[in-house]
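Just so it is clear, the values below take in all heavy atoms, side chains as well, and ignore hydrogens, waters and symmetry mates. Throughout, a chain's letter reflects where its sequence line sits, starting with A, and its residues are numbered from 1.
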Number of protein chains: 2
Amino acid sequence: MGVTIHDVARAAGVSVASASRALSGRRKVTPEIAERVSRAAAELGYQPNAVAKALRDRTTGTIGMIVPGIGNPFFTTIVEAVEHQLQETGRDLLLCASQYRPDVEARRLETLLARRVDGLIISPCDIEASVPAVLNAARRVPLVQVDRYIEGGGADWVGVDDDSALAQAVEHVAAGGARVVTFVGSRLMNSSARSRLSGFERAAARAGVNATAPLLGEFTLEWGIEAGRLLLDGDTMPDAVVCGNDEIAVGLVRALRTGGVRVPDDVSVVGFDDVGHAAMCDPPLTTVRQPVEEMAAEAVRLLGQVRVSDPRPAQRVAIAPRLVVRETSRPVAAGGANGMGKGRGTA
Amino acid sequence: MGVTIHDVARAAGVSVASASRALSGRRKVTPEIAERVSRAAAELGYQPNAVAKALRDRTTGTIGMIVPGIGNPFFTTIVEAVEHQLQETGRDLLLCASQYRPDVEARRLETLLARRVDGLIISPCDIEASVPAVLNAARRVPLVQVDRYIEGGGADWVGVDDDSALAQAVEHVAAGGARVVTFVGSRLMNSSARSRLSGFERAAARAGVNATAPLLGEFTLEWGIEAGRLLLDGDTMPDAVVCGNDEIAVGLVRALRTGGVRVPDDVSVVGFDDVGHAAMCDPPLTTVRQPVEEMAAEAVRLLGQVRVSDPRPAQRVAIAPRLVVRETSRPVAAGGANGMGKGRGTA
DNA sequence: CAGAAATTGGTAATCGATTACCACACTCCC
DNA sequence: GGGAGTGTGGTAATCGATTACCAATTTCTG
């Protein structure tokens, strides 16, 4: 176990320097030696030790990534896209989950830094509590935030353009005839929660629809169900509900239907993310698709541009998403909440 | 950038040996020196270089994991569980996706070995094509297979007891009154596909139900939909369908309903995995829950037992799963395929 | 053909943490 | 007080790949 370059050199009858040079091709060696070395390497099954190389080169070819939870399909999709992007350049991914806890997050950041990752991609779990650890890490290694970000951004960020996203969602339900619209999202503990709510409010004002008081809980199916019950128990049912993510939307649709409200005939529902089960649910969810592959590519690209030594202004890249119209929203109509399915064929 | 133990030693006015000993506590030092060293380390913000430690110790504290795809929610869940288990012992996870391609898988195995991971957890993508690369890796480092495994197992494996799983599923639908049952799964390119089909056939024989010709495609929603259409187009509709995983089941339910077949009134449908959206779909899916957390714990435990130097017989750990009855199956009945919703309250 | 220039091989330093080994100081006991 | 025994600090080797530097040889040039 463990054939080293010394073994190869000895077997080929040359010095380690020649062996190294023959294998890496970074300096010329006589064809004769090149031949002997590569034959010896092949025979011994030599595989360079990446740890030793990393120590010497002061670079590991490894990128650390921290997301709140791998269970969340949205983060899974990002992880997959990032992993894919890194492979293109021969780098590997050290993956960690912070379990939505800033203390765990800080600890994981430390171990990734100790492992001397060449860069970090992180979706900070808490807009406030994550700040010190993230800024400290950003001082030591190129760091890019994805999706979520911390306050007082000293670090680069790439994510979705929430304003554009919510504008599309609101305009879509407005075009479907909605006059009263409710936003169901998460409590404002992270940047996504905040900017989606404010994006919604701006969009509602611009579209001239009546935005009722938002319902804020968590980014979970359970909260979606509860929010649905709250709407059923309230005195007015909105014409449309725009949700902070897909899980909420799915739960909400379920609860409304159980309560006898028809979706989309009585109420249109729009989700956010479009990862996995949005299309799988019944009825398939109208939602805003996050441009995950682009986000990952952009994050990896940015990572290559950051130079810790000479700080430049933090970049913020907001990628415009696209609304995917499926069957939880009335695509186009003139009437109010009492329209029949009549206009459906138009879209 | 890069405070080393030499810097700490110099600042504390001691040798590197003392500094190292003071910090690791592996040998006694005078309280005086311990104090000076830890103060110096704190002031300089010293953080040991894990790469150097790994080179010296010949162990990286890193486990490599390769799954066919992170997009598949079942694998995601396993990854999350493994990551969780590793954290308990202070180890980190190097994650790779093989994209269901044996050549990519082999390449990723190589880079993980070059990075000197302390162990490997893998779900080989192909029961035949994955064999050489996996066996070769197993010769060099402790390796445990999860869920899927390769033929002629020279390596440990932990997964679900497919026989027990399928027995529970078949007995459940039989108890619900089903006489004719169809299995819808994946083509037999990996071990799960094979053992689930054979488990189904054994269970059907034992339960005395009539197993029609299985429909084999892929582990995807799309194949589920197509299989549903095939059933609709065929001349006999079974009383129940047992599926190879949840995506297939969800697609199947959707297709059957679209075709006017009631689930579970006309046909019971049972899935496999119970990850994520099984509960989120409408109606919530009856399925066999994979004991993912236990599987991950067992895999990590086994990893600690493997000694590459003295090979012992390969372990195979099959964990018994549990059937989760939701609403795509008739829980109990005496009648055939024509029962009304009447008996529902019993469960 | 002498000497400069180019090419190529080898030796040893380097990356940073750990630790085997040695040296020194101190205690204890006869 | 001297020798054995114990505790503690320092020096330098180690892990494995890379490469700066030097030395030796070949090639080129006037």
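Looking at residues 24-31 of chain B, you'll see Arg27(B), Lys28(B), Val29(B), Thr30(B) sit with a heavy atom under 4.0 Å from some atom of DNA chain D.
Where Ala52(B) and Arg21(B) each meet DNA chain C at their nearest nucleotide, the meeting point lying more 5' is that of Ala52(B).
At a threshold of 4.0 Å, the pair Asp92(B)-Arg108(A) counts as salt-bridged, since one of the basic side-chain nitrogens sits closer than that to a carboxylate oxygen. In summary, Glu128(B) and Arg194(B) engage in a salt bridge, as defined by a charged side-chain N under 4.0 Å from a carboxylate O. Using a cut-off of 4.0 Å between Lys/Arg side-chain N and Asp/Glu carboxylate O, Arg36(B) and Glu32(B) are scored as salt-bridged. A salt bridge links Glu298(A) with Arg301(A); the closest basic N to acidic carboxylate O contact falls under 4.0 Å. Ion pairing of Glu43(A) with Arg39(A) is absent here, as no side-chain N (NZ or NE/NH1/NH2) approaches a carboxylate O to less than 4.0 Å.
Heavy atoms of Ser20(A) sit under 4.0 angstrom from at least one base atom.
Put simply, CD1 on Ile63(B) and CD on Glu83(B) are 12.5 Å apart, with the number rounded to the nearest 0.5 Å. Atom-to-atom distance recorded for Ile66(A):CD1 and Leu112(A):CG is 5.0 Å, nearest 0.5 angstrom. To the nearest 0.5 Å, atom CG of residue Asp7(A) and atom CG of residue Leu44(A) are 6.5 Å apart.
Interface limits on DNA chain D: the 5'-most and 3'-most nucleotides within less than 4.0 Å of chain B heavy atoms are dT8(D) to dG16(D).
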